[in-house]
Amino acid sequence: MKKAFITILLVLLIDQTLKFWVKTHMMIEDHFSVFGDWFYIHFTENNGMAFGITWGGKWGKLFLSLFRIAAVGGIFYYLTTLVKKKAPSGLIISIALIFAGAVGNIIDSAFYGVIFTDSFHRVATFMPDEGGYATFLHGKVVDMLYFPLMEGTFPDWVPGWGGERFLFFRPIFNVADSSISIGVFMILLFQKRYFPQEKKVKVDEEKENAEVVSTAAQ
């Protein structure tokens, strides 16, 4: 459990430190280069699910926040169960990464709307006297990691996209998102090591639980 705790603490510390700095030093759509033309800090905010998808207005946002909190509770229970069963340390770390990433984004949704002003055309103020830009559980998730690795034009023979411009990699994300993705990738990459083929029924149950955890954290 010590390794899992340290993993969760480090992810949350890095994630929230970077988000807090961006929120208090940049306006929406501000950006600067970190490494040439392929890595930028580009400030944007996500009002919904992954890739900026929104659903159901304020009530949808509330439902999404509550669902995330419930999912995090389930992930934490699964993590403690793995620790008690002395599961492979790699699996425990993977679930800890997913848990930390989910918690990191929940913090934004739950509290950032209360403790910050909005970031449109101004740098946000921390703990403003007039109150924040949204109510509890209605805040926006701060994103800033942008990797436009490749830009070009689709060949004319490509159906539907011929002659159009493309950009790879377009999504803007954060450390919490990366933590979830790394955790999921580790489970997929090392699943045979994490779920040894001793008892097939037990293996299938454990894999199904891990997949549910990974999906719920997104």
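All residue numbers refer to positions in the sequence shown, counting from 1.
Other residues, nucleotides and ligands contribute over 12 non-hydrogen atoms within 6.0 Å of the CZ atom of Phe39. Within a 6.0 Å sphere centred on CZ of Phe35, other residues, nucleotides and ligands contribute 12 heavy atoms or fewer.
The backbone N or O of Ile14 sits nowhere less than 3.5 Å from a side-chain atom of Thr17 that would complete a donor-acceptor pair. At least one donor-acceptor pair closer than 3.5 Å links the side chain of Thr117 to the backbone N or O of Thr125. A donor-acceptor contact shorter than 3.5 Å is absent between the side chain of His138 and the backbone of Ala134.
For the atom pair OG1 of Thr80 and NZ of Lys85, the computed distance is 10.5 Å after rounding to the nearest 0.5 Å. The line from CD of Glu29 to NE2 of His31 is 9.0 Å long, rounded to the nearest 0.5 Å. Within the model, atoms CG of Leu189 and CZ of Arg193 stand 8.5 Å from one another, a figure rounded to the nearest 0.5 Å. Atom CD1 of Ile6 and atom CD1 of Ile93 lie 8.5 Å apart (nearest 0.5 Å). To the nearest 0.5 Å, atoms OG (Ser119) and CD (Glu45) are separated by 5.0 Å. Here the straight-line distance linking atom CG of Leu10 with atom OG1 of Thr7 works out to 7.0 Å at 0.5 Å rounding.
Counting only residues at least two apart or on different chains, no salt bridge (charged side-chain N to carboxylate O under 4.0 Å, His left out) pair has a member in residues 123-150.
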Kindly determine whether Lys3 and Ser89 satisfy side chain to side chain donor-acceptor pair (under 3.5 Å), including the steps that lead there. CA-CA 8 Å; Lys3 291 182 179 179; Ser89 59; 4.9 Å; no
Given side-chain contact (heavy atoms from CB on, under 4.5 Å), test Tyr194 with Met186 step by step and report yes or no. CA-CA 10 Å; Tyr194 293 166; Met186 288 176 61; 3.6 Å; yes
Walk me through whether Asn105 and Asn174 qualify under side-chain contact (heavy atoms from CB on, under 4.5 Å). CA-CA 9 Å; Asn105 284 334; Asn174 57 43; 3.1 Å; yes
Chi angles and distances behind the side-chain contact (heavy atoms from CB on, under 4.5 Å) call for Val72, Ile106: CA-CA 9 Å; Val72 162; Ile106 284 175; 3.2 Å; yes
Could you go through Phe116 and Tyr133, starting from their C-alpha distance and side-chain angles, then the distance that decides it, and tell me whether this counts as ring-ring contact (aromatic ring centres under 6.0 Å, His included)? CA-CA 7 Å; Phe116 288 112; Tyr133 67 85; 8.0 Å; no
Evaluate the side-chain contact (heavy atoms from CB on, under 4.5 Å) criterion for residues Ile69 and Leu137: first the C-alpha distance (whole Å), next the side-chain angles of each, then the deciding distance (0.1 Å), finally the verdict. CA-CA 10 Å; Ile69 292 173; Leu137 294 179; 3.9 Å; yes
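A single hydrophobic cluster is seen to contain both Phe185 and Leu79, as judged by linkage of ILVMFWY side chains at heavy-atom distances under 4.5 Å, directly or through other members. Note: the hydrophobic cluster containing Phe120 does not contain Val123 (ILVMFWY, side chain heavy atoms under 4.5 Å, direct or indirect links). Both Val34 and Val22 belong to a single network of hydrophobic side chains, linked directly or stepwise wherever heavy atoms of I, L, V, M, F, W or Y lie under 4.5 Å apart. The hydrophobic clustering, which links ILVMFWY residues whose side-chain heavy atoms are closer than 4.5 Å, places Leu9 and Phe76 apart. Cluster annotation: Leu66 and Phe136 are assigned to the same hydrophobic cluster (Ile/Leu/Val/Met/Phe/Trp/Tyr, side-chain heavy-atom contacts under 4.5 Å, transitive).
Across all non-hydrogen atoms, the minimal contact from Leu12 to Ala100 is CD2-O, 3.4 Å. The minimum heavy-atom distance linking Leu145 with Ser178 is given by the pair CD1-OG, 4.2 Å. When all heavy atoms of Met27 and His121 are compared, the closest pair comes out as SD-C, 3.1 Å. In terms of heavy atoms, Phe43 sits closest to Lys23 at CZ-CD, 4.0 Å. In plain terms, the two heavy atoms of Ser179 and Leu97 that are nearest each other are OG-O, 2.6 Å. Closest approach of Phe195 to Ile187, counting heavy atoms only: CE1-CG2, 4.3 Å.
The side-chain heavy atoms of Ile98 and Ile75, taken from C-beta on, include a pair separated by under 4.5 Å. A 4.5 Å side-chain heavy-atom check between Arg68 and Ser109 finds at least one atom pair inside the cut-off. The side-chain heavy atoms of Met144 and Phe173, taken from C-beta on, include no pair separated by under 4.5 Å.
Chaining together hydrophobic side chains whose heavy atoms lie under 4.5 Å apart leaves Leu13 on its own.
A ring-centre distance under 6.0 Å is not found for Phe99 and Tyr78. Aromatic rings from Phe147 and Phe169 are positioned such that their centres are separated by 6.0 Å or more.
Between Tyr40 and Tyr146, the two ring planes are tilted [angle within 30° to 60°].
The side chain to side chain contact (heavy atoms under 4.5 Å, CB included) check on Ala70 picks up nothing, with sequence neighbours excluded. Residues satisfying the side chain to side chain contact (heavy atoms under 4.5 Å, CB included) criterion with Thr153, sequence neighbours excluded, are Arg165. The salt bridge (Lys or Arg N to Asp or Glu O under 4.0 Å) search around Arg122 returns Asp118, not counting sequence neighbours. Taking Lys19 as the reference, Asp15, Asp108 meet the salt bridge (Lys or Arg N to Asp or Glu O under 4.0 Å) condition, with sequence neighbours excluded.
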